[in-house]
Amino acid sequence: MITFRHATTSDLPVLQQLYHAARLRMIETGNPRQWTDGYPQPELLAEDINEGRSFVMLDDDNAIMAAFVLLVGPDPNYNQIDGAWLNDEPYATIHRLASRSDCHGVFRECVHFCRNICPNLRIDTHRDNLIMQHLAQKEGFRYCGIIRLVYKTADAERLAYQKKFDDNL
């Protein structure tokens, strides 16, 4: 049974391994420009943990199979969009999802977990990240337009998606 919990500082070595492997997979699948220069850096991972926005997904043996950030509330990167969001209601954003290569269905499980925290979800991804674009559309996210990351000057465009869950689900 898959479970979730907040990441802790003792998880940092495993998180660093997950993100390193994810960067390599991105390069192998034609996405060499999204997570460069060791992103996400250990300092950012520690900040995410300390702020309570970093989560891990655990397998039946309580081993970490994936990690991600759920930012509940406004994301400054999403203030301006070349396009239009589905709505202006409160939302949460899924960031920095990475998983072990032997795990499947991670994005779907992550989305369903996050939906219980906030039923209005947004994500963004690099234009070269065809895998994430496919997964987002497969899980019912709608393409909304292009955002620009506020903290980057080069290669800062991202494709933005949103999904609003029906309250009756």
Side-chain angles (χ1 to χ4, degrees), residues 1-9 11-12 14-15 18-19 22 26 31 34-35 39-59 64-100 103-127 129 131-152 156-169:
M1 181 170 147
I2 293 173
T3 57
F4 295 85
R5 66 169 169 78
H6 281 96
T8 65
T9 54
D11 296 325
L12 275 171
V14 175
L15 298 182
L18 274 177
Y19 287 111
M26 285 180 171
N31 182 17
Q34 185 170 355
W35 287 356
Y39 180 88
Q41 291 79 10
E43 299 81 17
L44 179 57
L45 298 176
E47 179 184 327
D48 289 336
I49 290 168
N50 292 334
E51 294 292 326
R53 58 186 176 229
S54 181
F55 291 86
V56 291
M57 182 186 304
L58 308 170
D59 64 16
I64 295 174
M65 56 192 293
F68 61 94
V69 165
L70 182 64
L71 177 62
V72 178
D75 184 327
N77 292 298
Y78 293 175
N79 288 344
Q80 294 185 355
I81 185 168
D82 181 9
W85 295 111
L86 299 180
N87 60 56
D88 292 325
E89 298 170 19
Y91 65 93
T93 308
I94 301 170
H95 285 298
R96 295 190 280 286
L97 175 64
S99 67
R100 293 188 332 227
C103 298
H104 302 284
V106 168
F107 185 68
R108 177 183 203 116
E109 293 292 335
C110 173
V111 167
H112 287 281
F113 170 79
C114 294
R115 169 244 179 123
N116 291 324
I117 296 171
C118 181
N120 194 26
L121 297 173
R122 294 179 181 180
I123 62 168
D124 66 81
T125 193
H126 194 280
R127 186 176 302 280
N129 195 336
I131 293 171
M132 184 54 73
Q133 292 171 46
H134 169 75
L135 291 172
Q137 292 171 359
K138 181 178 175 185
E139 290 305 315
F141 282 81
R142 296 209 19 226
Y143 174 73
C144 294
I146 296 175
I147 57 117
R148 288 191 58 76
L149 302 178
V150 295
Y151 67 90
K152 284 184 83 172
E157 282 190 353
R158 295 292 183 268
L159 306 180
Y161 298 81
Q162 185 174 7
K163 180 171 182 168
K164 170 77 166 128
F165 284 90
D166 183 345
D167 293 337
N168 298 324
L169 293 177

Review point. What distance separates Gln80 CD from Arg148 CZ, expressed to the nearest 0.5 Å?
Key: 10.5 Å

Exercise for review: Give the minimum heavy-atom separation between Pro90 and Asn120, together with the two atoms involved.
Suggested key: O-ND2, 3.1 Å

Practice item. Could you go through the side-chain contact (heavy atoms from CB on, under 4.5 Å) check for Ile131 and Phe107 one step at a time? Key: CA-CA 11 Å; Ile131 293 171; Phe107 185 68; over 6 Å; no

**Study point:** Minimum side-chain heavy-atom gap Cys110-Met57 below 4.5 Å
**Key:** yes

Point to revise | Within 6.0 Å of CG in Asn79, more than 12 heavy atoms from elsewhere | key: yes

Point to revise | Test item: Leu70 and Phe4 side chains (from C-beta on) under 4.5 Å apart, heavy atoms | key: no

Study note, to complete from the structure: Leu58 and Arg5 have their tightest heavy-atom pair at CD1-NE, 3.8 Å

Check your understanding: Trp85 side chain to Tyr78 main-chain N or O, any donor-acceptor pair under 3.5 Å?
Key -> yes

Review point. Of the non-hydrogen atoms in Ser54 and Leu15, which two are nearest, and what is the gap between them?
Key: OG-CD1, 4.4 Å

Check your understanding: Going by the angle between their ring planes, with limits at 30° and 60°, are Phe68 and Phe113 parallel, tilted or perpendicular?
Key -> perpendicular

Point to revise | Working for side-chain contact (heavy atoms from CB on, under 4.5 Å), residues Ile146 and Leu159 | key: CA-CA 5 Å; Ile146 296 175; Leu159 306 180; 4.1 Å; yes

Exercise for review: Locate the shortest heavy-atom distance separating Leu12 from Pro42; write the atom from each residue and the value.
Suggested key: CD2-O, 4.4 Å

Practice item. Can you measure from CG (Asp11) to CD1 (Ile64) and round to the nearest 0.5 angstrom? Key: 3.5 Å

Study note, to complete from the structure: When Asp124, Thr93, Asn87 are each screened for side-chain hydrogen bond (donor to acceptor under 3.5 Å, both in side chains) with Gln162, the one that passes is Asn87

Check your understanding: Any side-chain heavy atom of Arg96 sitting closer than 4.5 Å to one from Tyr39?
Key -> yes

**Study point:** Arg142: partners by salt bridge (charged side-chain N to carboxylate O under 4.0 Å, His left out), with sequence neighbours left out
**Key:** none

Practice item. Working to the nearest 0.5 Å, report the span between CD of Gln41 and OH of Tyr19. Key: 12.0 Å

Check your understanding: Are the side chains of Asp75 and Arg122 in touch, meaning some heavy atoms are under 4.5 Å apart?
Key -> no

Check your understanding: Would you say Tyr91 and Leu86 make side-chain contact, with heavy atoms under 4.5 Å?
Key -> no

Check your understanding: Any side-chain heavy atom of Glu51 sitting closer than 4.5 Å to one from Leu71?
Key -> no

Point to revise | Any donor-acceptor pair under 3.5 Å from Asn77 side chain to Val150 backbone | key: yes

Review point. How long is the gap from CZ on Arg115 to CG on Asp166, to the nearest 0.5 Å?
Key: 8.0 Å

Practice item. Would you indicate whether the side-chain heavy atoms of Met132 and His126 approach each other to under 4.5 Å? Key: no

Check your understanding: Are any non-hydrogen side-chain atoms of Met65 and Ile2 less than 4.5 angstrom apart?
Key -> yes

Practice item. Could you grab the distance from atom CD1 of Ile94 to atom CZ of Phe141, nearest 0.5 Å is fine? Key: 5.0 Å

Study note, to complete from the structure: Here the pair of heavy atoms bringing Leu97 nearest to Trp35 is O-CH2, 3.5 Å

Check your understanding: Between the side chains of Asp48 and His95, does any donor sit under 3.5 Å from an acceptor?
Key -> no

Practice item. Calculate, to the nearest 0.5 Å, the distance between atoms SG and NE2 belonging to Cys114 and His112 respectively. Key: 10.5 Å

**Study point:** is_close_aromatic(Phe55, His6), centroid dist under 6.0 Å
**Key:** yes

Study note, to complete from the structure: Of all heavy-atom pairs linking Arg158 and Gln34, the shortest is NH2-O, 3.9 Å

Review point. Does a salt bridge link Lys164 with Glu89, judged by any charged N lying under 4.0 Å from a carboxylate O?
Key: yes

